[in-house]
Amino acid sequence: MNNVIEKQNYLEKYRPQYHFSPESNWMNDPNGMVFYKGEYHLFYQYHPNGTTWGPMHWGHAVSKDLVHWEHLPIGLAPDEHGMIFSGSAVVDWNDTSGFFNGKSGLVSIFTHADTYPDSNRPRQRQSIAFSKDNGRTWTKYVGNPVLQEESIIDFRDPKVFWHRDTNRWVMVLAAGQTIRIYTSKNLTSWEFASEFGEGHGSHDGVWECPDLFQLPVDGDDNQQKWVLFVSIGEDPSLQEGSRTQYFIGQFDGHSFVNEHSPETVLWIDHGRDNYAGVCWSDVPVEDGRRIYLGWMSNWRYANVTPTKEWRSAMTIPRVISLKRTEEGVRLVQNPIRELQGLRVENISIRNEVVVPGVNLLSNVNSNTFEIIAEFEMSSAAEFGFKVCKGSKEETIIGYDVKNKNFFVDRTNSGEASFHDSFAGKHDSNLLSQKMVKFHIFVDRSSIELFGNNGESVITDLIFPNEENKQMELFVKNGEVKLHSLELYILKSIWR
């Protein structure tokens with residue numbers, strides 16, 4: 001990023017310093033996430049001419065480490081088939097498409113969105129494009145669209161992957177309130193395989209942005225399960241707004257079978273601001289990670305958050321895994337290790353008894369930091385951290401002993417007048433344990449809490465006064481033993 005752009009951007013009020021955000025204007029869902037020839041590609045829903053949702057393009061950035069990003073020109077723009085809605089990208093290693101003269105290349109699969117001729121009825125169809133120059137330029141396939149279902153209005157967000165056992169490409173696609181699965185040998189001709197979702201999980205809103213992939217349980221390659229992500233659109237009658245659920249089960253290349261009872265609902269995140277997340281495709285086998293990224297906002301208020309020059313950021317990239325718990329197999333999320341390279345200052349505390357009225361972090365002054373802290377529960381009713389704190393504002397990140405809840409309370413976090421449902425407290429249950437571990441990332445206008453090694457995750461936006469950088473380690477009604485605390489000030493990825 002050149003110095004002129006640096007002076008203009010990334011210093012604005014509320015601008016995150018180590019999360020990805022666009023140089024300017026509107027951004028939502030991550031799209032086309034793929035690793036190829038040493039680069040992580042991040043495309044995203046982008047409106048280049050405004051800071052609210054509008055005619056969708058694919059913005060584009062690349063990174064070698066998932067932390068520092070280079071902005072590139074728009075990847076895909078609207079055409080005669082409509083706007084460019086969400087989708088995915090893959091490496092066509094064996095040139096199944098015939099686009100690459102026997103070599104490998106990138107293929108993007110996305111939703112074209114317009115209306116039926118002489119009608120206001122929405123039309124959503126799936127199309128593809130290919131790149132022979134490492135994603136820098138894209139050629140749309142002359143046979144677009146490659147998949148359409150006239151009877152389905154909400155028909156979008158294709159996620160595609162290669163299924164080795166059946167030697168075919170698989171597409172999972174959101175269709176109203178179900179997920180439809182299609183297969184292909186060449187990425188251009190698709191056949192319907194099956195449908196999943198009716199009567200399963202939450203149907204509080206339209207289903208969107210699916211992802212389907214396999215993970216070992218507790219790192220054991222002999223115990224493999226399939227995970228299906230489904231985001232749920234905003235329903236004005238429900239408090240949570242938009243959010244994302246997941247299912248665990250089996251997939252044979254044609255059908256997904258949920259291993260839980262149909263009424264079971266599992267949430268990826270218990271905050272309000274992690275939506276439409278999917279995973280990078282083609283991460284090298286030797287890396288071994290399944291890496292996930294979400295849009296850090298909520299359709300309830302995304303268009304009116306109080307930023308001026310740009311709107312929206314992504315979560316930090318996360319490694320996701322499966323763990324067997326007392327409740328069954330559950331999804332676990334943890335920050336990528338590459339973020340450790342941003343640490344510039346460290347405060348370390350060991351074996352302290354925390355009591356009311358004594359703040360062990362009174363000398364800390366920052367709003368871009370990471371905390372890793374482990375507590376042994378004692379007599380306290382509640383304990384944790386107050387961050388982005390000033391004379392009239394604070395955000396509380398804590399643990400409620402009686403209710404066994406991690407929580408983020410943004411009731412008094414700062415600017416909230418832009419929407420009447422923004423202020424509030426969000427919690428995540430945790431089975432009874434003697435030790436409680438917080439892993440927290442704060443970045444000016446966001447909180448990400450990974451509780452007990454990523455078993456409980458809460459992601460929330462906040463909009464505090466930029467001068468509010470005080471911090472407090474607090475305890476209520478008793479005391480708690482702090483086994484260890486590491487606090488790292490994190491440097492900006494843009495300067």
Side-chain angles (χ1 to χ4, degrees), residues 201-202 215 217-218 227 229 231 239-241 243-248 260 264-275 277 290 292-294 296 298 315-336 339 370-377 380-387 395-410 413 424-443 446-462 473-476 480 482-486:
S202 172
L215 284 175
V217 179
D218 294 324
V227 181
F229 286 174
S231 288
Q239 181 182 3
E240 291 82 5
R243 58 198 311 202
T244 303
Q245 64 181 325
Y246 69 96
F247 301 90
I248 296 174
H260 290 98
T264 300
V265 180
L266 303 174
W267 299 112
I268 287 179
D269 200 299
H270 294 270
R272 293 294 180 267
D273 296 302
N274 181 4
Y275 189 70
R290 175 66 56 173
Y292 162 90
L293 188 78
M296 199 158 54
N298 191 308
T315 67
I316 57 172
R318 306 167 179 191
V319 177
I320 58 175
S321 56
L322 291 178
K323 178 179 180 180
R324 196 173 299 280
T325 72
E326 293 179 33
E327 294 179 312
V329 176
R330 293 292 185 268
L331 193 75
V332 172
Q333 302 171 63
N334 282 292
I336 57 167
L339 289 165
E370 173 189 5
I371 295 175
I372 304 173
E374 191 167 20
F375 297 85
E376 181 179 347
M377 286 187 285
E382 185 177 297
F383 56 90
F385 302 88
K386 297 180 181 180
V387 302
T395 300
I396 306 172
I397 306 167
Y399 184 77
D400 181 330
V401 175
K402 179 181 178 181
N403 294 312
K404 301 173 185 174
N405 283 343
F406 282 104
F407 67 87
V408 173
D409 187 347
R410 65 181 184 188
S413 64
K425 181 178 179 181
H426 312 133
D427 57 52
S428 171
N429 286 332
L430 180 73
L431 292 177
S432 180
Q433 297 189 31
K434 187 177 181 181
M435 303 298 294
V436 173
K437 184 175 181 180
F438 293 77
H439 195 169
I440 300 166
F441 287 81
V442 174
D443 190 4
S446 65
I447 307 288
E448 287 164 281
L449 166 63
F450 302 87
N452 277 31
N453 299 307
E455 292 182 37
S456 295
V457 180
I458 299 176
T459 305
D460 273 338
L461 293 176
I462 57 172
L473 173 54
F474 79 94
V475 62
K476 280 186 177 181
V480 67
L482 174 62
H483 268 254
S484 63
L485 182 147
E486 301 292 333

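From a predicted model like this one, the values you see are computed outputs, not experimental measurements.
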Exercise for review: Apply side-chain contact (heavy atoms from CB on, under 4.5 Å) to the pair E455 and R330, showing each step before the final yes or no.
Suggested key: CA-CA 8 Å; E455 292 182 37; R330 293 292 185 268; over 6 Å; no
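- Here the closest heavy-atom approach between residue S202 and residue V265 is recorded as N-CG2, 3.8 Å.
- Of the possible donor and acceptor atoms, none in the side chain of N298 sits under 3.5 Å from a partner among the backbone N and O of G271.
- The OG1 atom of T459 sits 6.0 Å away from the CZ atom of F450 when rounded to the nearest 0.5 Å.
- The two residues A373 and L482 have their closest heavy-atom pair at CB-CD1, 4.3 Å.
- Atom CG in D443 sits 7.0 Å away from atom CE in M296 (nearest 0.5 Å).
- Although no hydrogens or angles enter the test, the distance criterion places a donor-acceptor pair under 3.5 Å between the side chain of N452 and the main chain of K437.
- Within the 4.5 Å cutoff, the side chain of R290 has no heavy atoms near those of the V227 side chain.
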Exercise for review: Take F407 and H270 through the side-chain contact (heavy atoms from CB on, under 4.5 Å) test and state the conclusion after the steps.
Suggested key: CA-CA 9 Å; F407 67 87; H270 294 270; over 6 Å; no
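- Of the inter-residue distances, the one linking I447 atom CD1 with I440 atom CD1 reads 7.5 Å to the nearest 0.5 angstrom.
- Note: I268 CD1 to Y292 OH = 4.5 Å, rounded to the nearest 0.5 Å.
- Nearest approach of V332 to K323, heavy atoms of both residues: CG2-CB, 3.7 Å.
- Between F385 and V442 there is no side-chain heavy-atom pair separated by less than 4.5 Å.
- Taking every heavy atom of both residues into account, R272 and Q239 meet most closely at NE-O, 4.1 Å.
- Of all the heavy atoms in Q245 and G201, the pair that sits closest is OE1-CA, 3.5 Å.
- Exactly one residue among D460, I371, L449, D409 makes a side chain to side chain contact (heavy atoms under 4.5 Å, CB included) with I397. That residue is L449.
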Review point. Run the side-chain contact (heavy atoms from CB on, under 4.5 Å) check on E376 and H483 step by step: do they pass?
Key: CA-CA 7 Å; E376 181 179 347; H483 268 254; 2.9 Å; yes
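- Atom CZ of R410 sits about 4.5 Å away from atom NE2 of H426, to the nearest 0.5 Å.
- Summarising the local packing, NZ of K425 is surrounded by more than 12 heavy atoms from other residues, nucleotides or ligands at distances under 6.0 Å.
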Exercise for review: Determine, stepwise, if the pair F438 / Y399 fulfils ring pair (Phe, Tyr, Trp, His ring centres under 6.0 Å).
Suggested key: CA-CA 9 Å; F438 293 77; Y399 184 77; 7.2 Å; no
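- At least one side-chain heavy atom of V436 sits under 4.5 Å from a side-chain heavy atom of F406.
- Put simply, the residue from T315, I316, I320 that forms a side chain to side chain contact (heavy atoms under 4.5 Å, CB included) with Q333 is I320.
- Residues Y275 and T244 meet the side-chain proximity criterion, which asks for heavy atoms closer than 4.5 Å.
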Point to revise | Intermediate values then yes/no, side-chain contact (heavy atoms from CB on, under 4.5 Å), R243 and D269 | key: CA-CA 8 Å; R243 58 198 311 202; D269 200 299; over 6 Å; no
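- When only modelled atom types and interatomic distance are considered, H439 and E370 share a side-chain donor-acceptor pair under 3.5 Å.
- Across S413 and T395, no two heavy atoms sit closer than the pair CB-OG1, 3.0 Å.
- Taking CZ of F375 as the reference point, atom CE of M435 lies at 10.0 Å (rounded to 0.5 Å).
- Evaluation of the side-chain hydrogen bond (donor to acceptor under 3.5 Å, both in side chains) rule for K386 yields no partner, not counting sequence neighbours.
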